[in-house]
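Below you'll find the structure, written out as structure tokens, and then a few comments.
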Amino acid sequence: MSAAAPGTSKAAHSDVAPKKKKGPGALATAYLVIYNVVMTAGWLVIAVGLVRAYLARGSYHGLYYSIEKPLNVCPLCHIPGIVPSSVVLTGFQVMSRVFLTWAVTHSVREVQSEDSVLLFVTAWTVTEIIRYSFYTFSLLNHLPYLIKWARYTFFIVLYPMGVTGELLTIYAALPYVQKTGLYSVTLPNKYNFSFDYYTFLILIMISYIPLFPQLYFHMIRQRKKVLGHVEDYSKVE
Amino acid sequence: MWHVEILDAKTKDKLCFLDKVEPNATIGEIKSMFHKSRECHLSGKSLKDEDVLQHLPVGTTATFYFRDLGAQISWVTVFLTEYTGPLVIYLMFYFRVPFIYAPKYDFTTSKHWVVHLACMCHSFHYVKRLLETLFVHRFSHGTMPLRNIFKNCTYYWGFAAWMAYYINHPLYTPPIYGEQQIRLALIIFLFCQIGNFSIHIALRNLRPPGSKTRKIPYPTKNPFTWIFLLVSCPNYTYELGSWLGFTVMTQCLPVAFFTLVGFIQMTVWAKGKHRSYLKEFRDYPPLRSPILPFIL
């Protein structure tokens with residue numbers, strides 16, 4: 001039996017220093033504030049464009065064309081943004097936005113006059129205006145409760161609304177994609193490769209089934225966490 | 001007699017207190033005093049089953065942290081399963097089993113001889129891997145997490161099916177440069193297969209049977225191992241070469257994708273292995289790169 005110094009057993013207990021949360025520095029904060037203000041403005045432009053066009057024409061028809069340009073640009077601008085939420089979830093959302101604006105609506109002219117396009121555009125517009133104002137105010141440490149509440153409540157309706165619009169739009173595009181063979185590659189070719197955009201779109205639609213509930217319930221859990229404690233306080237009274 | 005206190009690595013809860021432990025007890029024996037398959041570490045440094053209690057930098061009261069690794073499966077089982085799949089699946093496409101291609105092609109064979117050659121190469125590759133798993137490799141860890149078998153099999157089986165579908169397709173287009181291209185590709189493929197096997201044998205011979213010792217690999221009399229002068233993980237280098245050969249041989253884009261994805265994964269592994277060599281051996285040869293000489 002060897003007698004080693006009793007002090008050395010302390011080494012085994014070391015580790016666990018409390019983790020300090022590092023906030024962004026002044027320069028990073030400035031960049032983020034500007035970024036979020038610009039994004040809010042971008043989606044406001046779309047919202048205002050929609051309202052004006054509707055008032056001018058008196059009908060929903062063809063409203064897509066009045067906001068086509070900003071609509072195609074805004075989702076792309078999501079890419080350089082750094083937001084304080086999960087990279088995977090945000091990544092998915094950005095990809096699906098870009099996919100729907102460019103690879104579906106912009107590419108298949110025939111669906112551009114569909115009502116479903118308006119459905120998801122409206123849902124996205126309202127969601128994004130609230131979301132980016134939320135980030136802006138949070139960065140400035142002056143977050144009105146109303147914005148926080150709106151961000152974590154409106155999605156309950158807006159999210160299913162957007163998804164419905166997206167799915168209906170993809171579904172409407174299917175016959176045209178099949179007829180024209182858009183973005184598809186057939187055999188034989190020297191790369192021995194094939195891709196069927198029609199089947200791909202169907203698989204995308206099917207993927208909504210596992211993905212949408214996960215994202216939706218994630219938001220619901222976030223809502224309970226963020227807004228929940230307020231209800232507890234009011235119960236104490 | 002020594003005291004050993006065992007805490008949960010994550011929650012720091014006291015799991016167990018053993019107060020009559022022999023100083024020459026090994027970690028493995030302490031683990032079985034504890035009856036679960038767990039990983040043991042001492043304040044950050046992972047311990048091995050062979051480590052002896054009194055040789056560790058602790059006092060007569062030692063505190064160990066145990067982490068439950070979850071359901072485990074043996075490496076051998078995983079390798080055998082993930083490699084048998086591609087072998088069988090590719091052959092199903094090669095023999096044009098029903099429900100894959102149009103019914104008039106069922107059980108027909110391709111008229112292009114490169115398709116037969118590709119089948120032989122692909123099958124040879126996976127038979128080699130299976131035999132190596134059974135007779136050549138000496139594994140450091142016995143087991144890996146159970147979920148890995150699902151992940152790995154999806155990867156190997158999925159890609160095998162995707163590649164095999166196009167290579168054995170009735171509308172397959174053989175390589176543009178014909179016989180020249182196929183011959184060159186075959187030479188590259190065979191060269192790298194032999195290379196890969198040579199490295200596996202060299203690595204095996206570094207380690208006596210049943211042991212888990214680690215040594216720096218060096219070139220041997222076999223010229224295929226001379227690449228150790230420039231690379232830490234030449235088995236991956238040769239593997240990349242084999243699949244590049246197969247890509248050129250079949251001129252098939254899905255094969256190119258498979259090669260690319262495999263290359264990315266192997267680079268990650270090679271960099272990790274290279275780093276742990278550098279950490280463990282102070283006299284590690286400085287000229288070596290992880291996977292590609294001088295480049296990566």
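Each chain gets a letter, A, B and so on, in the order the sequences are listed, and its residues count up from 1. Source: prediction; values computed, not measured. We use all heavy atoms of the structure for the numbers below, so side chains are in, but hydrogens, waters and symmetry mates are not.
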Is it true that, when you exclude [X] itself, more than 12 heavy atoms of the residues, nucleotides or ligands shown sit nearer than 6.0 Å to its [atom1]?
X: A:Phe195; atom1: CZ; value: yes
X: B:Ile176; atom1: CD1; value: yes
X: B:Tyr155; atom1: OH; value: yes

Exercise. Anything in residues 199-219 of chain A with a heavy-atom distance to chain B below 4.5 Å? Please list those residues in order.
Key: none
Practice problem: First locate atom CG of A:Asn192, then atom CD1 of B:Ile167, and finally report the distance between them rounded to the nearest 0.5 Å. | Solution: 8.0 Å
Quiz item: What distance do B:Tyr172 atom OH and A:Leu187 atom CG have between them, rounded to the nearest 0.5 Å?
Solution: 11.5 Å
Practice problem: Considering non-hydrogen atoms only, spot the tightest contact between A:Lys190 and B:Gln251 and give its length. | Solution: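 Smallest heavy-atom distance, with atoms named: O-NE2, 2.9 Å.
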Self-check item: Between B:Thr173 and A:Tyr191, a side-chain donor and acceptor under 3.5 Å
Solution: no
